[in-house]
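First the structure, in the form of C-alpha coordinates, and then the observations on it.
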Amino acid sequence: MSEFALIRAFLTDIGPPRADVALGVGDDCALLALPAGQLLAVSLDTLSAGIHFFPDCDPTAIGHKALAVGLSDLAAMGATPAWSTLALTLPAADDAWLRAFCAGFAALSNAHGIRLVGGDTTRGPLSVTVQVHGQVPLGAAIRRDGARPGDLVCVSGTLGDAGLALRGLLAGEPVAPALRRRLEYPTPRVELGLALRGLASAMIDLSDGLAGDLGHILTASGVGAELELAKLPLSPPVAEVVARTGDWSLPLASGDDYELCFCLPPAHAAQCQAFAATLDYPLRHIGQIHANAGLRCRLPDGGYLADSLSGYDHFAAGRR
Ligand code: ADP
Ligand code: MG
(Lines give C-alpha, C1' and ligand atoms only; values in the text may rest on other atoms or scores of the structure.)
(Ligands and ions follow the chains in the order given, each with its own letter.)
Protein backbone atom coordinates (compact mmCIF):
# COMPACT_ATOMS: atom_id res chain seq x y z
CA MET A 1 0.00 0.00 0.00
CA SER A 2 1.32 3.47 -0.85
CA GLU A 3 1.72 6.11 1.85
CA PHE A 4 -1.22 8.06 0.49
CA ALA A 5 -3.47 5.02 0.14
CA LEU A 6 -2.65 4.16 3.75
CA ILE A 7 -3.55 7.66 4.93
CA ARG A 8 -6.78 7.58 2.93
CA ALA A 9 -7.73 4.11 4.15
CA PHE A 10 -7.04 4.56 7.84
CA LEU A 11 -6.44 8.11 8.97
CA THR A 12 -8.88 10.53 7.32
CA ASP A 13 -11.88 9.99 9.58
CA ILE A 14 -10.78 9.44 13.18
CA GLY A 15 -12.81 11.07 15.93
CA PRO A 16 -16.08 12.95 15.48
CA PRO A 17 -16.35 15.72 12.85
CA ARG A 18 -16.12 19.15 14.50
CA ALA A 19 -17.44 22.52 13.38
CA ASP A 20 -14.13 24.16 14.39
CA VAL A 21 -12.17 22.05 11.87
CA ALA A 22 -12.31 24.13 8.69
CA LEU A 23 -9.94 21.66 6.99
CA GLY A 24 -8.65 18.33 8.34
CA VAL A 25 -6.44 15.55 6.95
CA GLY A 26 -5.48 15.89 3.27
CA ASP A 27 -3.94 19.29 2.61
CA ASP A 28 -0.58 20.79 3.56
CA CYS A 29 -2.01 22.08 6.82
CA ALA A 30 -5.14 21.63 8.85
CA LEU A 31 -7.18 24.81 9.42
CA LEU A 32 -8.62 25.15 12.91
CA ALA A 33 -10.79 27.81 14.54
CA LEU A 34 -9.99 28.68 18.14
CA PRO A 35 -13.00 30.37 19.78
CA ALA A 36 -12.46 33.90 21.09
CA GLY A 37 -11.43 33.99 24.73
CA GLN A 38 -9.83 30.54 24.64
CA LEU A 39 -6.17 29.63 24.82
CA LEU A 40 -4.75 26.67 22.89
CA ALA A 41 -3.26 24.00 25.20
CA VAL A 42 -0.70 21.86 23.33
CA SER A 43 1.22 18.76 24.38
CA LEU A 44 3.22 16.11 22.51
CA ASP A 45 4.38 12.63 23.49
CA THR A 46 6.24 9.83 21.71
CA LEU A 47 5.85 6.13 22.41
CA SER A 48 8.70 3.98 21.02
CA ALA A 49 8.66 0.20 20.65
CA GLY A 50 10.91 -1.49 23.19
CA ILE A 51 11.00 1.61 25.41
CA HIS A 52 7.39 2.60 26.08
CA PHE A 53 5.72 -0.65 25.07
CA PHE A 54 6.71 -4.23 24.31
CA PRO A 55 7.33 -4.75 20.56
CA ASP A 56 4.58 -7.40 20.48
CA CYS A 57 2.07 -5.22 22.39
CA ASP A 58 -1.53 -5.34 21.14
CA PRO A 59 -1.72 -2.49 18.55
CA THR A 60 -5.18 -1.49 19.84
CA ALA A 61 -3.58 -0.78 23.21
CA ILE A 62 -0.78 1.23 21.54
CA GLY A 63 -3.39 3.34 19.71
CA HIS A 64 -5.29 3.91 22.95
CA LYS A 65 -2.26 4.76 25.06
CA ALA A 66 -0.62 7.04 22.48
CA LEU A 67 -3.65 9.32 22.71
CA ALA A 68 -4.38 8.71 26.40
CA VAL A 69 -1.07 10.16 27.59
CA GLY A 70 -1.79 13.40 25.71
CA LEU A 71 -5.38 13.57 26.97
CA SER A 72 -3.99 13.14 30.47
CA ASP A 73 -1.81 16.24 29.93
CA LEU A 74 -4.85 18.22 28.77
CA ALA A 75 -6.77 16.97 31.81
CA ALA A 76 -3.97 18.14 34.09
CA MET A 77 -4.34 21.71 32.75
CA GLY A 78 -8.14 21.72 32.87
CA ALA A 79 -8.29 21.91 29.07
CA THR A 80 -11.03 20.51 26.81
CA PRO A 81 -9.68 18.14 24.12
CA ALA A 82 -10.30 19.37 20.57
CA TRP A 83 -7.79 18.18 17.94
CA SER A 84 -4.92 15.74 17.56
CA THR A 85 -2.09 15.15 15.08
CA LEU A 86 -0.27 11.84 14.68
CA ALA A 87 3.27 11.04 13.49
CA LEU A 88 3.50 7.33 12.69
CA THR A 89 6.78 5.57 11.94
CA LEU A 90 6.08 2.02 10.78
CA PRO A 91 8.41 -0.82 9.78
CA ALA A 92 5.81 -1.89 7.18
CA ALA A 93 2.29 -1.02 6.04
CA ASP A 94 0.65 -3.92 7.88
CA ASP A 95 -3.10 -3.76 7.30
CA ALA A 96 -4.15 -5.72 10.37
CA TRP A 97 -1.79 -3.78 12.63
CA LEU A 98 -3.05 -0.43 11.32
CA ARG A 99 -6.69 -1.42 11.63
CA ALA A 100 -6.19 -2.45 15.25
CA PHE A 101 -4.08 0.62 16.09
CA CYS A 102 -6.69 2.94 14.60
CA ALA A 103 -9.50 1.13 16.45
CA GLY A 104 -7.82 1.95 19.77
CA PHE A 105 -7.00 5.52 18.75
CA ALA A 106 -10.50 6.15 17.35
CA ALA A 107 -12.42 4.71 20.29
CA LEU A 108 -10.68 7.05 22.72
CA SER A 109 -10.97 9.96 20.23
CA ASN A 110 -14.72 9.43 20.04
CA ALA A 111 -15.04 9.16 23.81
CA HIS A 112 -13.50 12.61 24.20
CA GLY A 113 -14.76 14.36 21.06
CA ILE A 114 -11.24 14.91 19.72
CA ARG A 115 -10.66 14.92 15.94
CA LEU A 116 -7.48 13.74 14.15
CA VAL A 117 -6.64 16.63 11.80
CA GLY A 118 -3.23 15.73 10.35
CA GLY A 119 0.09 14.05 10.80
CA ASP A 120 3.03 12.41 9.12
CA THR A 121 3.70 8.83 8.04
CA THR A 122 7.18 7.42 7.53
CA ARG A 123 8.95 4.05 7.38
CA GLY A 124 11.32 3.02 10.19
CA PRO A 125 11.40 1.39 13.63
CA LEU A 126 7.90 1.49 15.17
CA SER A 127 7.25 4.80 16.91
CA VAL A 128 4.08 6.79 17.55
CA THR A 129 4.01 10.51 18.33
CA VAL A 130 0.75 12.25 19.16
CA GLN A 131 0.20 15.95 19.64
CA VAL A 132 -3.02 16.96 21.35
CA HIS A 133 -4.62 20.38 21.19
CA GLY A 134 -7.12 21.50 23.77
CA GLN A 135 -9.03 24.66 24.59
CA VAL A 136 -9.07 26.45 27.92
CA PRO A 137 -10.68 29.81 28.76
CA LEU A 138 -8.21 32.65 29.41
CA GLY A 139 -7.09 32.50 33.03
CA ALA A 140 -8.74 29.12 33.73
CA ALA A 141 -5.81 26.74 33.13
CA ILE A 142 -4.58 24.89 36.23
CA ARG A 143 -0.80 25.19 36.35
CA ARG A 144 1.91 23.64 38.51
CA ASP A 145 2.87 26.86 40.24
CA GLY A 146 -0.27 27.71 42.20
CA ALA A 147 0.02 25.53 45.35
CA ARG A 148 -0.08 27.45 48.67
CA PRO A 149 0.62 26.41 52.29
CA GLY A 150 -2.51 24.88 53.82
CA ASP A 151 -3.79 23.43 50.53
CA LEU A 152 -4.85 19.79 50.65
CA VAL A 153 -2.91 17.38 48.41
CA CYS A 154 -5.33 15.07 46.59
CA VAL A 155 -5.03 12.27 44.07
CA SER A 156 -7.43 10.37 41.80
CA GLY A 157 -7.70 6.62 41.26
CA THR A 158 -5.22 4.14 42.73
CA LEU A 159 -1.42 4.35 42.55
CA GLY A 160 1.16 1.82 41.40
CA ASP A 161 -1.07 -0.56 39.42
CA ALA A 162 0.66 0.06 36.09
CA GLY A 163 4.05 -0.26 37.78
CA LEU A 164 3.08 -3.59 39.29
CA ALA A 165 1.81 -4.86 35.93
CA LEU A 166 5.06 -3.79 34.27
CA ARG A 167 7.14 -5.56 36.94
CA GLY A 168 5.20 -8.76 36.30
CA LEU A 169 5.53 -8.56 32.51
CA LEU A 170 9.27 -7.84 32.73
CA ALA A 171 9.69 -10.84 35.05
CA GLY A 172 7.73 -13.04 32.64
CA GLU A 173 5.08 -13.70 35.29
CA PRO A 174 1.35 -13.92 34.66
CA VAL A 175 -0.35 -10.54 35.23
CA ALA A 176 -4.02 -10.29 36.21
CA PRO A 177 -6.03 -8.78 33.31
CA ALA A 178 -7.39 -5.91 35.43
CA LEU A 179 -3.85 -4.89 36.42
CA ARG A 180 -2.59 -5.21 32.86
CA ARG A 181 -5.39 -2.93 31.65
CA ARG A 182 -4.12 -0.23 34.01
CA LEU A 183 -0.78 -0.33 32.16
CA GLU A 184 -2.03 -0.74 28.60
CA TYR A 185 -5.34 1.17 28.67
CA PRO A 186 -4.85 4.10 31.07
CA THR A 187 -7.96 6.25 31.56
CA PRO A 188 -7.21 9.97 31.20
CA ARG A 189 -9.17 11.87 33.90
CA VAL A 190 -10.46 14.55 31.54
CA GLU A 191 -13.81 15.16 33.28
CA LEU A 192 -12.04 15.57 36.62
CA GLY A 193 -9.56 18.07 35.19
CA LEU A 194 -12.42 20.18 33.83
CA ALA A 195 -14.40 19.97 37.09
CA LEU A 196 -11.37 21.24 39.03
CA ARG A 197 -11.20 24.54 37.12
CA GLY A 198 -11.76 27.26 39.68
CA LEU A 199 -11.20 24.78 42.52
CA ALA A 200 -7.66 23.33 42.33
CA SER A 201 -4.71 25.67 42.91
CA ALA A 202 -2.20 23.42 41.09
CA MET A 203 -2.34 20.13 39.21
CA ILE A 204 -0.16 17.58 37.42
CA ASP A 205 -0.80 14.19 35.85
CA LEU A 206 1.13 11.24 37.23
CA SER A 207 3.32 9.78 34.50
CA ASP A 208 6.56 9.22 36.44
CA GLY A 209 5.34 8.49 39.98
CA LEU A 210 3.73 10.54 42.73
CA ALA A 211 6.91 11.60 44.57
CA GLY A 212 8.65 12.99 41.50
CA ASP A 213 5.54 14.48 39.89
CA LEU A 214 4.26 16.13 43.08
CA GLY A 215 7.87 17.33 43.45
CA HIS A 216 7.40 19.33 40.22
CA ILE A 217 4.40 21.13 41.78
CA LEU A 218 6.37 21.83 44.96
CA THR A 219 9.35 23.24 43.06
CA ALA A 220 7.21 25.34 40.72
CA SER A 221 5.11 26.67 43.61
CA GLY A 222 8.02 27.24 46.02
CA VAL A 223 6.43 25.13 48.76
CA GLY A 224 6.82 21.71 50.44
CA ALA A 225 4.38 18.95 51.40
CA GLU A 226 3.76 16.20 53.88
CA LEU A 227 2.07 13.01 52.70
CA GLU A 228 0.40 10.44 54.95
CA LEU A 229 1.30 7.16 53.29
CA ALA A 230 -1.55 5.38 55.11
CA LYS A 231 -3.96 7.52 53.08
CA LEU A 232 -2.57 6.58 49.66
CA PRO A 233 -5.26 4.92 47.51
CA LEU A 234 -3.95 1.42 46.75
CA SER A 235 -5.57 -1.46 44.89
CA PRO A 236 -5.48 -4.79 46.78
CA PRO A 237 -2.50 -6.21 44.81
CA VAL A 238 -0.38 -3.08 45.36
CA ALA A 239 -1.40 -2.89 49.04
CA GLU A 240 -0.30 -6.53 49.37
CA VAL A 241 3.17 -5.82 47.94
CA VAL A 242 3.63 -2.78 50.19
CA ALA A 243 2.49 -4.70 53.29
CA ARG A 244 4.72 -7.68 52.48
CA THR A 245 7.89 -5.78 51.58
CA GLY A 246 7.57 -2.44 53.37
CA ASP A 247 8.68 -0.91 50.06
CA TRP A 248 6.64 2.14 48.97
CA SER A 249 8.28 2.51 45.56
CA LEU A 250 5.26 1.17 43.63
CA PRO A 251 2.78 3.87 44.72
CA LEU A 252 5.41 6.62 45.09
CA ALA A 253 7.81 6.12 42.22
CA SER A 254 6.46 3.88 39.47
CA GLY A 255 5.24 5.41 36.23
CA ASP A 256 2.26 5.21 33.90
CA ASP A 257 -0.55 5.77 36.44
CA TYR A 258 -2.02 8.75 34.51
CA GLU A 259 -3.99 9.80 37.56
CA LEU A 260 -4.27 13.46 38.57
CA CYS A 261 -2.54 14.93 41.62
CA PHE A 262 -3.89 18.35 42.63
CA CYS A 263 -3.79 20.88 45.42
CA LEU A 264 -7.02 22.16 46.88
CA PRO A 265 -7.58 25.23 49.08
CA PRO A 266 -9.62 23.95 52.07
CA ALA A 267 -12.44 26.37 51.18
CA HIS A 268 -13.04 24.31 48.00
CA ALA A 269 -12.97 20.90 49.67
CA ALA A 270 -16.75 20.49 50.05
CA GLN A 271 -17.40 21.32 46.39
CA CYS A 272 -14.71 18.86 45.33
CA GLN A 273 -16.13 16.17 47.58
CA ALA A 274 -19.58 16.63 46.04
CA PHE A 275 -18.07 16.12 42.58
CA ALA A 276 -16.09 13.10 43.80
CA ALA A 277 -19.38 11.39 44.71
CA THR A 278 -20.32 11.37 41.01
CA LEU A 279 -17.14 9.51 39.93
CA ASP A 280 -16.58 5.76 39.59
CA TYR A 281 -13.01 6.06 40.92
CA PRO A 282 -11.78 7.46 44.23
CA LEU A 283 -10.53 10.97 45.00
CA ARG A 284 -8.36 10.92 48.10
CA HIS A 285 -6.91 13.59 50.36
CA ILE A 286 -3.38 12.29 51.01
CA GLY A 287 -1.49 15.19 52.55
CA GLN A 288 -0.97 18.90 52.91
CA ILE A 289 1.12 21.71 51.44
CA HIS A 290 3.55 23.45 53.81
CA ALA A 291 5.73 26.53 53.54
CA ASN A 292 9.01 24.67 54.16
CA ALA A 293 10.44 23.06 51.03
CA GLY A 294 10.73 19.33 50.37
CA LEU A 295 8.48 16.26 50.42
CA ARG A 296 8.06 14.38 53.71
CA CYS A 297 6.29 11.00 53.73
CA ARG A 298 4.84 9.88 57.06
CA LEU A 299 4.70 6.09 57.46
CA PRO A 300 1.62 4.38 58.94
CA ASP A 301 3.65 3.70 62.13
CA GLY A 302 4.26 7.45 62.58
CA GLY A 303 7.89 7.49 61.45
CA TYR A 304 9.08 9.12 58.23
CA LEU A 305 10.27 7.50 55.04
CA ALA A 306 14.03 8.11 54.76
CA ASP A 307 15.39 10.01 51.77
CA SER A 308 11.96 11.01 50.52
CA LEU A 309 13.20 14.54 49.85
CA SER A 310 15.07 13.79 46.68
CA GLY A 311 12.40 11.53 45.25
CA TYR A 312 12.54 8.94 42.52
CA ASP A 313 15.88 7.06 42.75
CA HIS A 314 15.73 6.91 46.50
CA PHE A 315 12.56 4.85 46.30
CA ALA A 316 14.27 2.12 44.29
CA ALA A 317 13.39 -1.42 45.43
CA GLY A 318 14.73 -2.38 48.83
CA ARG A 319 15.28 1.14 50.16
CA ARG A 320 13.12 2.86 52.70
P1 ADP B 1 3.08 16.98 3.18
O2 ADP B 1 4.01 16.23 2.27
O3 ADP B 1 2.41 18.16 2.54
O4 ADP B 1 3.67 17.30 4.50
P5 ADP B 1 1.98 14.44 3.72
O6 ADP B 1 2.16 13.74 2.43
O7 ADP B 1 2.93 14.14 4.83
O8 ADP B 1 1.86 15.98 3.48
O9 ADP B 1 0.52 14.12 4.30
C10 ADP B 1 -0.63 14.29 3.46
C11 ADP B 1 -1.81 14.60 4.33
O12 ADP B 1 -2.08 13.48 5.17
C13 ADP B 1 -1.59 15.79 5.26
O14 ADP B 1 -2.84 16.47 5.41
C15 ADP B 1 -1.20 15.15 6.56
O16 ADP B 1 -1.56 15.95 7.64
C17 ADP B 1 -1.99 13.87 6.52
N18 ADP B 1 -1.32 12.77 7.27
C19 ADP B 1 -0.14 12.17 6.98
N20 ADP B 1 0.15 11.22 7.88
C21 ADP B 1 -0.85 11.24 8.78
C22 ADP B 1 -1.10 10.53 9.98
N23 ADP B 1 -0.27 9.60 10.44
N24 ADP B 1 -2.23 10.83 10.66
C25 ADP B 1 -3.07 11.78 10.21
N26 ADP B 1 -2.89 12.48 9.11
C27 ADP B 1 -1.79 12.24 8.38
MG1 MG C 1 3.03 19.82 2.27
Side-chain angles (χ1 to χ4, degrees), residues 39-45 69 72-79 134 136-157 159 189 192-233 248-249 251-255 257-273 275 283-299 303-316 319:
L39 292 183
L40 185 63
V42 178
S43 173
L44 175 143
D45 284 282
V69 301
S72 180
D73 284 324
L74 293 180
M77 299 301 287
V136 61
L138 266 170
I142 308 172
R143 301 160 40 143
R144 297 179 179 181
D145 58 3
R148 296 293 173 259
D151 287 355
L152 312 178
V153 178
C154 303
V155 73
S156 67
L159 303 178
R189 304 303 191 189
L192 176 60
L194 292 174
L196 288 171
R197 279 184 192 166
L199 296 181
S201 57
M203 183 150 60
I204 191 166
D205 71 315
L206 300 180
S207 50
D208 298 326
L210 175 65
D213 288 330
L214 174 57
H216 295 313
I217 286 184
L218 302 182
T219 302
S221 300
V223 296
E226 181 161 324
L227 296 183
E228 299 236 25
L229 297 188
K231 291 185 174 175
L232 294 188
W248 289 86
S249 62
L252 287 178
S254 66
D257 282 327
Y258 298 105
E259 295 296 345
L260 293 179
C261 175
F262 56 97
C263 301
L264 196 65
H268 296 159
Q271 214 177 324
C272 183
Q273 211 160 16
F275 181 73
L283 282 195
R284 285 281 183 78
H285 163 212
I286 59 170
Q288 197 160 21
I289 298 293
H290 293 284
N292 44 334
L295 177 63
R296 291 163 294 282
C297 296
R298 204 147 73 89
L299 291 157
Y304 282 84
L305 194 65
D307 286 346
S308 62
L309 293 173
S310 35
Y312 200 120
D313 281 353
H314 291 265
F315 292 100
R319 299 193 60 153

Non-hydrogen atoms of [X] and [Y] that approach each other most closely:
X: L199; Y: Q271; result: CD2-OE1, 3.5 Å
X: M203; Y: L260; result: SD-CD1, 3.9 Å
X: L74; Y: A41; result: CD2-O, 3.6 Å
X: H285; Y: C154; result: CA-SG, 4.1 Å
X: A202; Y: I142; result: C-CG2, 3.7 Å
X: L210; Y: L227; result: CD2-CD1, 3.8 Å

With the side chain counted from C-beta on, respond yes when [X] and [Y] share a heavy-atom pair under 4.5 Å apart, and no when they do not.
X: D45; Y: D73; value: yes
X: L214; Y: V155; value: no
X: I286; Y: P233; value: yes

How many angstroms lie between [atom1] in [X] and [atom2] in [Y], if you round to the nearest 0.5 Å?
X: L264; Y: C272; atom1: CG; atom2: SG; answer: 5.0 Å
X: R144; Y: M77; atom1: CZ; atom2: CE; answer: 8.5 Å
X: I204; Y: R143; atom1: CD1; atom2: CZ; answer: 13.5 Å

Side-chain donor or acceptor of [X] paired with backbone N/O of [Y] under 3.5 Å:
X: D151; Y: R148; value: yes
X: S156; Y: E259; value: no
X: H216; Y: L218; value: no
X: S207; Y: Y258; value: no

Partners passing salt bridge (charged side-chain N to carboxylate O under 4.0 Å, His left out) against R197 (at least two apart in sequence or in another chain):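 If we apply the salt bridge (charged side-chain N to carboxylate O under 4.0 Å, His left out) test to R197, skipping adjacent residues, there are no hits.
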
Verdict with supporting geometry, E226 and Q288, side chain to side chain contact (heavy atoms under 4.5 Å, CB included): CA-CA 6 Å; E226 181 161 324; Q288 197 160 21; 5.7 Å; no

